[in-house]
Amino acid sequence: MTNKTNMTDEQLAQELRKGKGGKVGGKLLALLGVAVAIVGIVLGGNIVLIVIGGVLLALGQMVQGKRKEAADRQVFDTLAPEVVNSLFENADLSPTEHILRAEDSGIPLPDHSYNEGKGYIRGLYKGLPTEMCTVVLTDVDEVQREETGLWEKNEHVVYTGQWMLCQLGTQFPTGLTFWPRGRLDKLLNSRTIKTEYEDFNKRFNLSCDDEQWALRFLNQSRMERILRLADSAFSEFAVTLCSDGRLYIAAHSGHNFFDAGKGRETPDALRQRFTRELKWFTDVIDTFRPV
C-alpha cells in the first residue's frame, strides 16, 4: 500500500486522478437519485420512488464528500509540511490547543447556528505566534416534508473561509475592523468611516471607536499596501486589529487551506497555489506588524 505521507508528486497525481473518478461516480449517483425522486413526484407522489431517490441522492453526496476529504488529506499530508515550513518556524501541523476563534474577531459573518474550526496549524512568523485554520459556519433549519408530514432538521454550510491569527505583541489605543462592502451597503450608503482613498471606500466598510486614530494609523504607506493586497487577493477578505495586538485575517474563499480543488491541478501547481495563498496572508501581517 502506498505511504500516503511520503508520496512523490507522481504518486500524488495518480491518487488525485483516482479520487476525481470516484467523485464523478458519486455525482452520477446523486443525479440518478434526483431523477428517481422526480419520477415519483410526477407519478402522483409515489412515496417508494421518492424515498429511493432520496437515498440515492444522499449516497451520491456522501461518496463525493468522502472522495473530496480523502483527496484533501492526501494533499495536506504530502504538500503542507513543505509549504508551511518554508514560511513559518516551529510549525505544528496538529496543535492540541487553539488560539484562533472566529467569534472573538468581531468580523461580520453570515447568520449561522454554529461554527467550527478545522485544520489548525500553528507556527512563528518572524518570531510572532501565528495560527491558521479553516472556519466553517453551518445553519440549521427545521422543515416539514409534504409527502410524509414529518419534520426534519437540515444543515447547510453558509460560509467557508481561510483564517489566520497573528499575535503582534504590541498594544494599540483601540482596535479597528474592515470588511467587504456589499451591494446593499453601497445602495444604502451604510455608515462607515471614510478614508481619503476612494478605492478603499468602495471596497470596504471601516469601523473603529476612534475615527481620528484609525485615519492616522491607516497612513499613506499602509493604505497603499492594503490596496495592493486587495488587488492581488484570491478572494474577498476582512481584517480585525485588536487593541491587545491580535490580528485576524479572514479570506472568504469558500474553501480550505490546502484544498485539492477539483483534482485538475498537478501537485506542483497545487504547491505553487498554496505558497501564494500563505504568502498573501503573511504580506497582510507585514502590513500591520510593528517595524
*D111, CG atom: more than 12 neighbouring heavy atoms under 6.0 Å*: no
*Would F257 and F281 satisfy ring pair (Phe, Tyr, Trp, His ring centres under 6.0 Å), going step by step from the backbone distance to the final call?*
CA-CA 12 Å; F257 279 107; F281 275 96; 5.4 Å; yes
*Just by modelled atom types, is the F288 backbone N or O under 3.5 Å from a matching donor or acceptor in the R222 side chain?*
no
_Co-membership, hydrophobic cluster, residues L206 and Y248, 4.5 Å side-chain_ = no
_More than 12 heavy atoms from other groups under 6.0 Å of CG on D104_ = yes
*Could you give the distance from CZ (R203) to CZ (F200), rounded to the nearest 0.5 Å?*
10.0 Å
_With a 6.0 Å cut-off (strictly less than), is the heavy-atom count around CD of E97, excluding the residue itself, greater than 12?_
no
_Whether the side chain of T138 engages the backbone of Y114 through a donor-acceptor N/O pair (distance < 3.5 Å, no angle test) should be reported._
no
_Are F178 and N205 packed together at the side-chain level, in the sense that at least one heavy-atom pair is separated by less than 4.5 angstrom?_
no
*Between the side chain of R181 and the main-chain N/O of N201, is any donor-acceptor distance below 3.5 Å?*
yes
*From W163 CH2 over to I249 CD1, what is the distance, rounded to the nearest 0.5 angstrom?*
11.0 Å
*Steps toward salt bridge (charged side-chain N to carboxylate O under 4.0 Å, His left out) verdict (K279, D286)*: CA-CA 10 Å; K279 181 64 168 55; D286 288 338; 5.8 Å; no
*A260 and R273: which non-hydrogen atoms are nearest, and at how many Å?*
C-NH2, 4.2 Å
_CG on N219 to CZ on F217, rounded to 0.5 Å_ = 8.0 Å
*Within a strict 4.5 Å, meaning less than it, do heavy atoms of the W280 and L278 side chains meet?*
no
_Do M223 and R228 make a side-chain contact, defined as non-hydrogen atoms from C-beta onward lying under 4.5 Å apart?_
no
*Can you tell me how far CG of L109 sits from CD of E103, rounded to the nearest 0.5 angstrom?*
10.0 Å
*Counting only N and O atoms by type, is there a donor-acceptor contact under 3.5 Å from the side chain of E236 to the main-chain atoms of H252?*
no
*Dump the intermediate steps for ring pair (Phe, Tyr, Trp, His ring centres under 6.0 Å) on Y159 and H112, then the final yes or no.*
CA-CA 9 Å; Y159 173 91; H112 56 279; 8.7 Å; no
*Quick one: are L79 and F274 in side-chain contact, heavy atoms under 4.5 Å?*
yes
*asked:* How close do T192 and F204 get, counting heavy atoms only, and between which atoms?
replied: OG1-O, 4.5 Å
*Heavy-atom pair with the smallest gap, counting every atom of C242 and F172*: O-CD1, 3.7 Å
*Does F76 belong to the same Ile/Leu/Val/Met/Phe/Trp/Tyr cluster as L270, with side-chain heavy atoms less than 4.5 Å apart forming each link?*
yes
*Joint cluster assignment, I121 & L100, ILVMFWY side-chain distance < 4.5 Å*: no
_S113 side chain vs V140 backbone, donor-acceptor pair below 3.5 Å_ = yes
*Indicate yes or no for a side-chain donor-acceptor contact from T177 to the backbone of I107 under 3.5 Å, with no hydrogens or angles considered.*
no
*Honestly curious: do I99 and I285 fall in one hydrophobic cluster under the side-chain, below-4.5 Å linking rule?*
no
*Dump the intermediate steps for side chain to side chain contact (heavy atoms under 4.5 Å, CB included) on D139 and N154, then the final yes or no.*
CA-CA 8 Å; D139 195 31; N154 290 329; over 6 Å; no
*Roughly how far, to the nearest 0.5 Å, is CG of L215 from SG of C208?*
8.5 Å
*Give the minimum heavy-atom separation between P95 and Y120, together with the two atoms involved.*
CD-O, 3.2 Å
*Can you check whether R246 reaches L165 side chain to side chain, under 4.5 Å on heavy atoms?*
yes
*asked:* Side chains of Q162 and T134 only: does a donor on one sit below 3.5 Å from an acceptor on the other?
replied: no
_For a quick test of reading the model, state the closest non-hydrogen atom pair linking N256 to T160 and the distance between them._
OD1-CG2, 3.9 Å
*Checking salt bridge (charged side-chain N to carboxylate O under 4.0 Å, His left out) for the pair D268/R271: CA distance, chi angles, key distance, verdict?*
CA-CA 5 Å; D268 192 52; R271 183 183 290 107; 3.1 Å; yes
*Just how far is it from atom CD of Q220 to atom OH of Y197, taken to the nearest 0.5 Å?*
4.0 Å
_Using a 3.5 Å distance criterion without hydrogens, assess whether the side chain of W179 forms a donor-acceptor pair with backbone atoms of V239._
no
*Can you tell if the side chain of L176 reaches within under 4.5 Å of the side chain of S207, non-hydrogen atoms only?*
no
*Identify whether I226 and F234 are in the same connected component of the hydrophobic contact network (ILVMFWY, side-chain heavy atoms under 4.5 Å).*
yes
*Does N85 use its side chain to pair, donor to acceptor, with the backbone of P81 at less than 3.5 Å?*
yes
*Minimum heavy-atom distance V75-F258, with the two atoms named*: CG1-O, 3.9 Å
*asked:* If we ignore hydrogens and angles and just use 3.5 Å, is the side chain of T130 paired with the main-chain N or O of L128 as donor and acceptor?
replied: yes
*S105 side chain to R101 main-chain N or O, any donor-acceptor pair under 3.5 Å?*
no
